[in-house]
Amino acid sequence: MSKRTEIKTVLTDFDSRIGQEITVMGWVRAFRSNRFIALNDGTSMNNLQVVVDFEQLDEQLLKQVHFHACIKVTGQLVASQGAGQDVELLAAKLEILGGANPEEYPMQPKAQSMEFLREKAHFRMRTNTFSAVFRIRHGIAYAVHKYFNDNGYFYLHTPIITGSDAEGAGEMFHVTTLDPANPPRTEDGAVDYSQDFFEKPTNLTVSGQLQAEIGALALGKVYTFGPTFRAENSNTSRHLAEFWMIEPEVAFYDIFDNMDLAEDFCKYLINHILEHYPAELEFLDSRIQKLEQNMPKEQRRAMGLIETLRFVVDNDFERITYTEAVNILRSSKPYKKGKFEYEVEWGKDLQAEHERFLVEKKFKKPVIVRDYPAEIKAFYMRMNEEQEQIPGRTVAAMDVLFPGIGEVIGGSQREERLDVLKARMADMNVPEEELWWYLELRKFGGCPHAGFGLGFERMVQFITGMGNIRDVIAFPRTPGNAEF
RNA sequence: GCCUCAGUAGCUCAGCUGGUUAGAGCGGCGGACUGUUAAUCCGUAGGUCCAAGGUUCAAGUCCUUGCUGAGGCGCCA
């Protein structure tokens, strides 16, 4: 193929190219007035206007310039006569690389529903909305690595297949090469996993945290960023069966260092996108405004997308303890009026409606809640000292709650005291045999350390303003859905 | 897993208390158009009303079951 110039380059760096002949390739977004082709090659939010003179080009060729057909155009770049763009390309040569017969092609040059586009995941990335989302998704992923690299963290690849089912984060997908219809059996009739590939039962990982702790206790500061699997039957706009999670783990960090890291990290990611993807954000912002035009006022966002992102980076996150949260909730208007469906009571977990009140009504910004009751949190979270005014024991856990999507981060300081950890595992029926190495980490050269898990798609959702998590991952896996 | 709502043309939807040949906008197709920007204008075709059963003289409309999707909740990131 002859060399092409990317459309983003043409549109942003055109001074030196005006008057020159260039070649561009991309997908047709519109063919107006038998003269103007809006061409997009995925590099930019904006299209290049290609101007055709039908007397100079074959009529049959121009008839194939359909919506989303892929074409190659060579011609002279000139200053545009029209008002909508700086430059345009006068087509001297036009070639159809891939036609798109509109009588069969399902995509149409108009707004289509998210549900319909989800069924067309192989085409939806050609739309403005999804190309913007996926450019931003890339930008956030890049910023994750840049942030950690620039701050002295090491990227650790924790296993996708795990031999432990004690990671305490929900139902797991089994991994096996045994024939499910006819597996080998032991004498007592159980499946004989000693004949399986790994000679033991294995699952897809639900978290890289326990292994990340191994890294932290050697390299000091590590992070993981990889796929994570939960076999929960979750049917919501913020859950996936396969998602990407970022898990920093840091030696010598306590819960407060952990909160500082979480806040700084979130702000860095948002700032990176504000700085590098303004066109995408403006498009998504206006998209939401159009969507909300017909909604009643109370259902609309209080602030625009970009305004929300600026607000989050410009303000400190609110930090409260679980006990304070319970007190705030119990003296709140909706509580007194009986508007909450679930009871607010020390010892019970905060429900989505409670978190939403704190984030969206009370503080109107991200909130970090810490020091949750020990009974409702995982075995590895560090036990706090007893406090007189608090009804029960708490652990040094923290959740970062964002407006609209709720929990984006869950983390904790880890229990480094061997005896306390063993007691907790016994209390919660976590088998020591499976996590012998986790215990030895405390026995030999242990230290205080902390970390958290950030749901990557939830962050992408927040930054792009997309309402459903299935629309910020290219190929969503949810209960009953693994197409593509 | 639970609750609520929806499924009618390629897409988005209208179709009233059941009543003849089921509608619109957009998209498609045919045509016009050399300065358009969600281009515009004229013409035109296009339907197993999600599926199966039932009630009725008569069902897109009512009932039952199932399937699919969405929203909310739970589980969490």
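Quick caveat, the model's predicted, so the values are computed rather than measured. Within every chain, numbering begins at 1; the chains are lettered A, B, ... in the order of the sequence lines, protein sequences first and strands thereafter.
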Discussion item. Each nucleotide in nucleotides 7-14 of chain B should get exactly one letter: B, S or -. Can you fill that in based on protein heavy atoms under 4.0 Å?
Written reply: ---BBS--
Item to complete: Treat primed atoms plus P, OP1 and OP2 as sugar-phosphate and everything else as base, then score nucleotides 32-51 of chain B 5' to 3': B for base contact with protein heavy atoms under 4.0 Å, S for sugar-phosphate contact only, - for none.
Response: -BBBBB-B------------
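Shown here is A/Lys362, whose NZ atom has no more than 12 heavy atoms of other residues, nucleotides or ligands within 6.0 Å. Taking a 6.0 Å sphere around CZ of A/Phe484, one finds it holds more than 12 heavy atoms contributed by other residues, nucleotides or ligands.
Between the side chains of A/Glu247 and A/Ser207, at least one donor-acceptor pair of N or O atoms lies under 3.5 Å.
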Fill in: ring pair (Phe, Tyr, Trp, His ring centres under 6.0 Å) evaluation trace for A/His157 with A/Phe225
CA-CA 8 Å; A/His157 294 104; A/Phe225 184 4; over 10 Å; no
Item to complete: Before giving the answer on salt bridge (Lys or Arg N to Asp or Glu O under 4.0 Å), spell out for A/Arg29 and A/Asp41 the whole-Å C-alpha distance, their side-chain angles and the decisive distance to 0.1 Å.
Response: CA-CA 10 Å; A/Arg29 290 293 182 82; A/Asp41 67 357; over 6 Å; no
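The main-chain N or O of A/Gly410 is never found under 3.5 Å from a side-chain atom of A/Asp399 such that the two would form a donor-acceptor pair. Judged by distance alone, the side chain of A/Gln461 and the main-chain N or O of A/Gly467 form a donor-acceptor pair under 3.5 Å. No donor-acceptor pair closer than 3.5 Å links the side chain of A/Lys337 to the backbone N or O of A/Ser332.
Comparing the same atom, C1', in B/G15 and in B/G53 gives a spacing of 25 Å after rounding to whole Å. When the C1' atom is used for both B/U56 and B/A14, the distance is 26 Å, rounded to whole Å. Distance check on atom C1': B/C73 versus B/U12 gives 29 Å, rounded to whole Å. B/C26 and B/U21: their P atoms are spaced 28 Å apart (whole Å). For the C1' atom pair drawn from B/G46 and B/U65, the interatomic distance equals 33 Å after rounding to whole Å. Taking atom P in both B/G23 and B/U4, the straight-line distance is 35 Å, to the nearest Å.
Atom CD of A/Glu232 and atom P of B/C2 are 15 Å apart (whole Å). Between the CG atom of A/Asn233 and the C1' atom of B/G74 there is a distance of 11 Å, given to the nearest Å.
Ion pairing between A/Glu483 and A/Arg118 fails under the 4.0 Å rule for side-chain N and carboxylate O.
Nearest to the side-chain atoms of A/Tyr342 among the listed nucleotides B/C73, B/A70, B/A77 stands B/C73. Here B/A77 is the nucleotide among B/G74, B/A77, B/C75 with the atom lying nearest to any side-chain atom of A/Phe243. Among B/G28, B/G72, B/A77, the nucleotide with an atom closest to any side-chain atom of A/Met245 is B/A77.
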